[in-house]
2 protein chains.
Amino acid sequence: MAYKYEFARPALTVDCVVFGLDDEGLKVLLIERALEPFRGRWAIPGGFVRVDESLDDAALRELQEETGLKKVFLEQLCTVGTLDRDPRERVVTVAYYALVRLSNHRVQAATDAREALWFAMDDLPTLAFDHDQILESAYERLQAKVRYQPIGFELLPNKFTLRQLQSMYEIILDRELDKRNFRKKILGMGVLTELDEVEADVAHRAARLYRFNKAEYRRLTKQGFNFEI
Amino acid sequence: MAYKYEFARPALTVDCVVFGLDDEGLKVLLIERALEPFRGRWAIPGGFVRVDESLDDAALRELQEETGLKKVFLEQLCTVGTLDRDPRERVVTVAYYALVRLSNHRVQAATDAREALWFAMDDLPTLAFDHDQILESAYERLQAKVRYQPIGFELLPNKFTLRQLQSMYEIILDRELDKRNFRKKILGMGVLTELDEVEADVAHRAARLYRFNKAEYRRLTKQGFNFEI
DNA sequence: CGACTTAGTGTTAAAGTTACACTAACAAAG
DNA sequence: CTTTGTTAGTGTAACTTTAACACTAAGTCG
């Protein structure tokens with residue numbers, strides 16, 4: 001009991017909603033709690049913020065400690081400070097969310113977590129604390145975000161086909177898109193570079209490969225270009 | 001020195017960017033700090049979160065204590081936890097923003113503030129801490145928000161003219177709107193009720209008065225109606 | 001009653017969005 | 001080597017939305 005303060009302080013935590021994408025669909029990374037409270041229940045990975053690390057660092061650290069996931073681009077979602085959200089004491093949590101390519105990230109349970117697993121979005125368990133609500137908010141935010149920012153090029157291989165790109169959007173937005181309109185729109189943005197290559201080893205006509213042009217994307221972003229899908 | 005914890009905890013504060021609207025334009029409520037650090041400098045009102053109050057409550061309380069402002073609709077903006085943002089110790093702050101009708105809110109400096117004043121957005125002093133950045137983020141968020149939500153009907157009298165409504169949008173968005181297009185769009189949303197009344201005491205043709213139809217607005221919102229201006 | 005001020009109104013061109021169906025390329029099977 | 005199956009790739013037309021633009025109407029004031 002080493003730290004003393006004149007006034008009582010809420011505990012401060014970070015929680016990370018990590019969405020993972022693969023061919024099967026959109027998933028979320030959850031951990032099974034090894035400790036009370038909610039021992040044995042599934043939860044969003046997260047933990048206490050240390051006094052000498054930034055919020056972003058804390059989120060990255062906790063994510064790695066509990067699930068093995070590294071170098072994820074986390075974005076702040078919101079901060080929740082309801083009085084009774086943690087039965088132990090007053091805990092305020094800063095929630096983050098991220099979207100990763102599932103095949104790139106092998107998870108592995110560690111500190112404070114019995115297990116870390118990807119759950120399909122349509123087959124989620126009831127979560128500990130108020131994590132259901134946080135997850136729901138994160139999902140809404142992700143869908144809103146993907147509509148006006150060409151997020152998620154990091155989710156595809158370096159070279160990808162337009163079909164792969166479209167599928168990614170369809171999975172995240174949870175609706176079908178028109179092939180021709182999608183191609184028109186995405187090519188019209190001018191952030192894709194057409195390669196002199198086609199996909200290999202397919203049992204049908206091979207599709208052309210494209211590369212995401214990051215420099216061009218940044219240039220357009222600065223000009224306030226609208227990337228709405 | 002009454003409260004002891006096993007691990008060091010960051011202090012937790014809330015800060016409120018309150019935008020005020022009147023005929024002159026958009027203003028921000030700032031306080032002059034009465035205490036160190038940054039004593040004498042202007043800052044966004046805010047203060048420490050108590051362990052037994054929610055974040056929203058803390059924001060409302062601090063705003064009232066420091067500026068006299070009550071019953072403001074605050075919305076969470078972001079949470080900032082940079083390590084050295086406060087010279088005293090590690091402080092994490094949850095930032096809020098709000099938009100109020102200036103004539104409704106007489107301010108008055110109180111606790112920890114020497115003075116509380118409205119500053120025009122184009123004539124701001126340098127602020128304490130990282131409050132310049134927080135204010136800038138809040139302004140961007142306000143402009144983004146006003147474009148797709150009919151925010152700010154609370155900023156007008158109960159009965160208002162379309163010209164008043166348009167002026168409000170123009171001030172917040174900081175650009176001129178076409179009168180006919182604006183009227184078409186806003187009336188087309190169906191959230192305004194035309195009254196059998198016109199404005200009084202004007203030295204020219206009197207404009208028709210309208211009322212905001214809150215019930216209809218909520219109904220449409222649930223249906224995912226797009227209120228983009 | 002003339003001058004002044006703001007209210008109120010429609011149309012058109014341009015841009016963007018949506019819906020929709022066929023041919024091209026290639027591999028695999030026979 | 002021909003047929004079959006599968007996905008790639010392409011254009012147009014209807015519709016909707018946006019943007020630009022100028023005059024008459026109503027009322028006050030002097």
Side-chain angles (χ1 to χ4, degrees), chain A residues 23 143-144 146-150 156-157 159-171 173-211 220 223-229, chain B residues 23 143-144 146-150 156-157 159-171 173-211 220 223-229:
Chain A
D23 315 322
Q143 291 198 332
V146 83
R147 288 204 66 248
Y148 62 86
Q149 292 217 352
L156 294 174
K159 302 166 180 182
F160 51 84
T161 67
L162 292 184
R163 178 67 235 171
Q164 285 177 292
L165 187 60
Q166 183 179 341
S167 296
M168 189 192 77
Y169 273 97
E170 288 179 334
I171 288 172
L173 292 173
D174 199 23
R175 66 187 169 94
E176 295 197 344
L177 302 172
D178 180 271
K179 179 163 66 156
R180 277 177 290 194
N181 294 337
F182 178 80
R183 294 166 85 95
K184 237 181 297 175
K185 193 143 207 173
I186 207 89
L187 290 176
M189 289 179 188
V191 293
L192 296 189
T193 304
E194 186 176 325
L195 302 175
D196 282 333
E197 246 178 297
V198 293
E199 57 181 344
D201 300 321
V202 284
H204 52 78
R205 175 173 177 181
R208 178 159 303 272
L209 291 171
Y210 290 81
R211 198 167 44 72
L220 290 168
Q223 292 175 19
F225 189 85
N226 182 7
F227 290 102
E228 191 168 324
I229 289 293
Chain B
D23 316 321
Q143 292 198 330
V146 84
R147 288 204 67 246
Y148 61 88
Q149 291 216 352
L156 293 174
K159 302 167 181 181
F160 50 84
T161 67
L162 292 186
R163 178 67 234 172
Q164 285 177 292
L165 188 60
Q166 184 179 337
S167 297
M168 188 191 78
Y169 273 95
E170 288 178 334
I171 288 172
L173 293 173
D174 199 24
R175 65 187 169 94
E176 295 200 341
L177 302 173
D178 180 272
K179 180 162 66 157
R180 277 176 291 193
N181 293 338
F182 178 80
R183 295 165 86 97
K184 237 181 297 176
K185 193 143 207 173
I186 207 90
L187 289 175
M189 288 180 189
V191 292
L192 295 189
T193 305
E194 185 176 327
L195 301 176
D196 282 333
E197 246 178 297
V198 292
E199 57 182 341
D201 301 321
V202 283
H204 52 79
R205 175 173 177 182
R208 179 159 301 272
L209 291 170
Y210 289 82
R211 198 166 45 72
L220 290 168
Q223 292 175 18
F225 189 85
N226 181 7
F227 290 102
E228 191 168 323
I229 289 292

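Sequence lines set the chain letters: A, B, ... in the order given, protein chains first and strands last, and positions in each chain run from 1.
- Between the side chain of R147(B) and the backbone N or O of I229(B), at least one donor-acceptor pair lies under 3.5 Å.
- Taking atom CZ on R205(B) and atom C1' on dT6(C), their separation rounds to 8 Å, with Å as the unit.
- In this structure, the side chain of Q223(A) does not engage the main chain of L220(A) through any donor-acceptor pair within 3.5 Å.
- Note: CG (D178(B)) to P (dT17(D)) measures 18 Å, nearest angstrom.
- For N226(A), the CG atom counts as densely surrounded, since its 6.0 Å shell holds more than 12 non-hydrogen atoms of other residues, nucleotides or ligands.
- The NZ atom of K179(A) sits 14 Å away from the P atom of dC22(C) (whole-angstrom rounding).
- Of all the residues in residues 183-203 of chain A, K184(A), K185(A), V202(A), A203(A) reach under 4.0 Å from DNA chain C with at least one non-hydrogen atom.
- Residues Y210(B) and L156(B) have side chains not in contact (no heavy-atom distance under 4.5 Å, counting atoms from C-beta outward).
- Between the CZ atom of R180(B) and the C1' atom of dT11(C) there is a distance of 9 Å, rounded to whole Å.
- Comparing L162(A) and A206(B) against DNA chain D, the residue whose closest nucleotide sits nearer the 5' end is L162(A).
- One interatomic measurement links the two molecules: CG of L177(B) to P of dT18(D), which rounds to 13 Å at whole-angstrom precision.
- The shortest distance between side-chain heavy atoms of M168(B) and I171(B) does not fall below 4.5 Å.
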